[in-house]
Q: 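Sending over a structure as structure tokens; questions will come in a sec.
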There are 2 protein chains.
Amino acid sequence: MALTRRQIEDAAMEILRSYGLADLSMRRLARDLGVQPGALYWHVKNKQELLGVLAGQILAAVPEPDGGRPDGLEDQASGAVGTPEAGSSGDGRGSVRQLALDIRSALLSVRDGADVVSLAQAMTPETLPAINTLRRLLERGGLSAQHAAWGARTLTHCILGSVAEEQTHADLAAAGLLPEGAERNNDDEAFLFGVDAVLAGLGLAGRP
Amino acid sequence: MALTRRQIEDAAMEILRSYGLADLSMRRLARDLGVQPGALYWHVKNKQELLGVLAGQILAAVPEPDGGRPDGLEDQASGAVGTPEAGSSGDGRGSVRQLALDIRSALLSVRDGADVVSLAQAMTPETLPAINTLRRLLERGGLSAQHAAWGARTLTHCILGSVAEEQTHADLAAAGLLPEGAERNNDDEAFLFGVDAVLAGLGLAGRP
DNA sequence: ACCTGAACACCGTTCAAGT
DNA sequence: ACCTGAACACCGTTCAAGT
């Protein structure tokens with residue numbers, strides 16, 4: 001019956017999904033697993049490492065972008081995105097845009113997902129594969145290695161910042177503490193506006 | 001001799017500057033002031049409110065952008081910025097760029113400044129004047145109200161994300177925990193690359 | 001190898017009671 | 001009005017000792 005690292009990770013993810021980052025403590029985790037807090041430290045180095053793993057799992061749901069230069073259908077468009085050119089086509093700008101949307105859906109699918117990934121990425125940057133893919137796509141889009149790296153970081157900041165804002169407001173709304181008149185229906189549009197601005201600024205053409 | 005709210009804020013800022021956000025606790029603050037923890041709560045609602053005030057003070061160091069459309073000299077260029085068109089001229093894009101640089105210097109001047117402002121802004125968005133100025137400048141640059149608001153948020157995410165990354169690495173370096181070979185000299189260039197990309201993407205012309 | 005028990009050194013916040 | 005004393009309900013982490 002011995003406690004597994006896998007069980008710890010799963011229980012942690014469960015707390016995150018159901019109660020959010022504020023409720024994810026090592027002691028709470030141990031309680032849920034019916035074990036003493038110290039027991040966790042035989043399987044896990046510390047809380048930071050655990051959060052890093054959770055961040056990786058959250059982003060593992062991001063699909064790899066389609067290969068060379070296809071024109072196939074992209075999956076998982078997270079509801080209605082609004083803008084006309086939503087379908088995206090082949091490579092260059094479309095795939096980066098689609099990847100940004102996919103990262104966003106992955107983050108949104110877990111409570112406080114953006115905060116978890118931000119924490120993990122602050123400690124161990126350039127480690128998360130999804131962000132690395134962002135960089136690779138920019139490079140394939142014609143940017144130099146340096147510009148692609150900087151561009152990927154800029155996009156990452158926009159994505160994480162935007163989704164974190166979105167989720168924080170969702171948390172506040174759930175807690176019933178909203179200043180008043182907080183409509184906030186056009187998060188999708190706001191997100192795409194930011195991403196598209198960065199992409200345009202990086203010189204990624206809309207339609208080659 | 002009664003404890004003042006002012007003293008609390010100053011002591012808090014002092015801890016922040018000298019030891020960073022991780023060391024800024026209500027209990028530590030009380031100890032430094034030679035008072036019981038509970039005493040703080042007569043002058044301050046809670047820790048969150050205090051952090052919000054600190055965030056405001058950090059950004060209060062950001063100079064207001066020059067008036068109508070001058071061509072005067074801008075102050076406080078935070079060391080060498082690298083890129084050729086550093087001087088900036090008049091209004092439109094230059095002033096936004098300069099404001100972004102000024103916000104960055106203000107954040108960098110306090111340990112973990114970006115994290116403090118991020119926390120504060122997450123709870124009470126659209127409250128910090130410097131970020132509002134960003135939006136006003138974009139609107140004056142020809143963007144619609146909606147696009148200016150979204151553009152300001154995008155810029156804010158880039159600035160806060162970029163500086164937070166920078167400061168986290170500084171903290172890790174100070175703690176002596178760096179993976180190895182962490183050069184990281186070109187933070188200025190990386191920052192400007194991101195900001196310029198967003199500005200270009202927003203349609204702000206380089207030289208009218 | 002894997003876990004308990006117990007400790008160490010902390011948190012934020014509240015609130016009766018004192019002055 | 002302003003603060004103390006003391007509590008409440010927590011943290012992350014370590015580590016001897018048990019099995």
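Keep in mind that this is a model prediction, so the values were computed, not measured. Every chain is numbered from 1 and lettered A, B, ... according to where its sequence line falls, protein lines coming before strand lines.
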Q: Does A:R111 make a cation-pi contact with A:Y19 (under 6.0 Å, within 45 degrees of the axis)?
A: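 Not flagged: A:R111 not positioned over aromatic ring of A:Y19.
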Q: B:Q48 CD to C:dT13 P: how many Å, rounded?
A: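 In whole Å, C:dT13 P lies 8 Å from B:Q48 CD.
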Q: Ignoring backbone atoms, establish whether B:H43 has a side-chain N or O less than 4.0 Å from OP1 or OP2 of D:dA1.
A: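 So the side-chain polar atoms of B:H43 never come under 4.0 Å of the phosphate oxygens OP1 or OP2 of D:dA1.
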Q: Would you say the side chains of B:Q98 and B:D102 form a donor-acceptor pair under 3.5 Å?
A: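 A donor-acceptor contact under 3.5 Å links the two side chains.
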Q: Taking ring-ring contact (aromatic ring centres under 6.0 Å, His included) as the test, write out the residues that go with B:H43, two or more places apart.
A: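 Result, ring-ring contact (aromatic ring centres under 6.0 Å, His included) vs B:H43: none returned.
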Q: How many angstroms lie between CG in A:L107 and CG in A:D112, if you round to the nearest 0.5 Å?
A: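 One finds 11.0 Å between CG of A:L107 and CG of A:D112.
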Q: Using atom C1' in both nucleotides, what's the gap between D:dA16 and C:dC3 to the nearest angstrom?
A: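 Looking at atom C1' only, D:dA16 and C:dC3 are 13 Å apart.
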Q: Do we see a donor-acceptor contact under 3.5 Å between the side chains of B:E14 and B:S18?
A: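 There is such a pair between these side chains.
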Q: If the sugar-phosphate is the primed atoms plus P, OP1 and OP2 and the base is the rest, what is the B/S/- string for nucleotides 14-19 of chain D, using protein heavy atoms under 4.0 Å?
A: BB----
Q: Testing A:T133, A:L137, A:L204 for side chain to side chain contact (heavy atoms under 4.5 Å, CB included) with A:S95, which one passes?
A: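 Among the candidates, only A:L137 passes.
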Q: Taking atom P of D:dG12 as reference, at what distance in whole Å does atom CG of A:L40 sit?
A: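 It is 10 Å, rounded to the nearest whole Å.
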Q: For residues 39-63 of chain A, which residue pairs qualify under salt bridge (charged side-chain N to carboxylate O under 4.0 Å, His left out), counting only residues two or more places apart or in two chains?
A: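 Every pair satisfying salt bridge (charged side-chain N to carboxylate O under 4.0 Å, His left out) with a residue in residues 39-63 of chain A: A:R5-A:E49.
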Q: Please list, by residue number, the residues of residues 22-36 of chain A whose heavy atoms come closer than 4.0 Å to an atom of DNA chain C; answer none if no residue qualifies.
A: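 A:R27, A:V35, A:Q36, in order of number.
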Q: I need the minimum non-hydrogen distance between A:W150 and B:N186, along with the two atoms involved.
A: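 Looking at all heavy atoms of both residues, the closest pair is CZ2-ND2, 3.9 Å.
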Q: Could you measure the distance from the CD1 atom of B:I103 to the CG atom of B:L160? Nearest 0.5 Å is fine.
A: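 That separation rounds to 8.0 Å.
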Q: Tell me which pairs pass side-chain hydrogen bond (donor to acceptor under 3.5 Å, both in side chains) where either residue lies in residues 114-132 of chain A, with sequence neighbours left out.
A: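 Every side-chain hydrogen bond (donor to acceptor under 3.5 Å, both in side chains) pair that includes a residue of residues 114-132 of chain A, provided the two are not neighbours, is A:N132-A:R135.
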Q: Is the side chain of A:H157 donor-acceptor paired with the backbone N or O of A:R153 at a distance under 3.5 Å, no angle test?
A: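 Yes: the side chain of A:H157 pairs with the backbone of A:R153.
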Q: If you write DNA chain C from 5' to 3' in dot-bracket form, with Watson-Crick or G-U pairs under 3.5 Å, [ ] for crossing pairs and | for pairs with another strand, what do you get?
A: ||.|||||...|||||.||
Q: In whole Å, I'd like the distance from the CH2 atom of A:W42 to the P atom of C:dA1.
A: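 So the two atoms are 7 Å apart, to the nearest Å.
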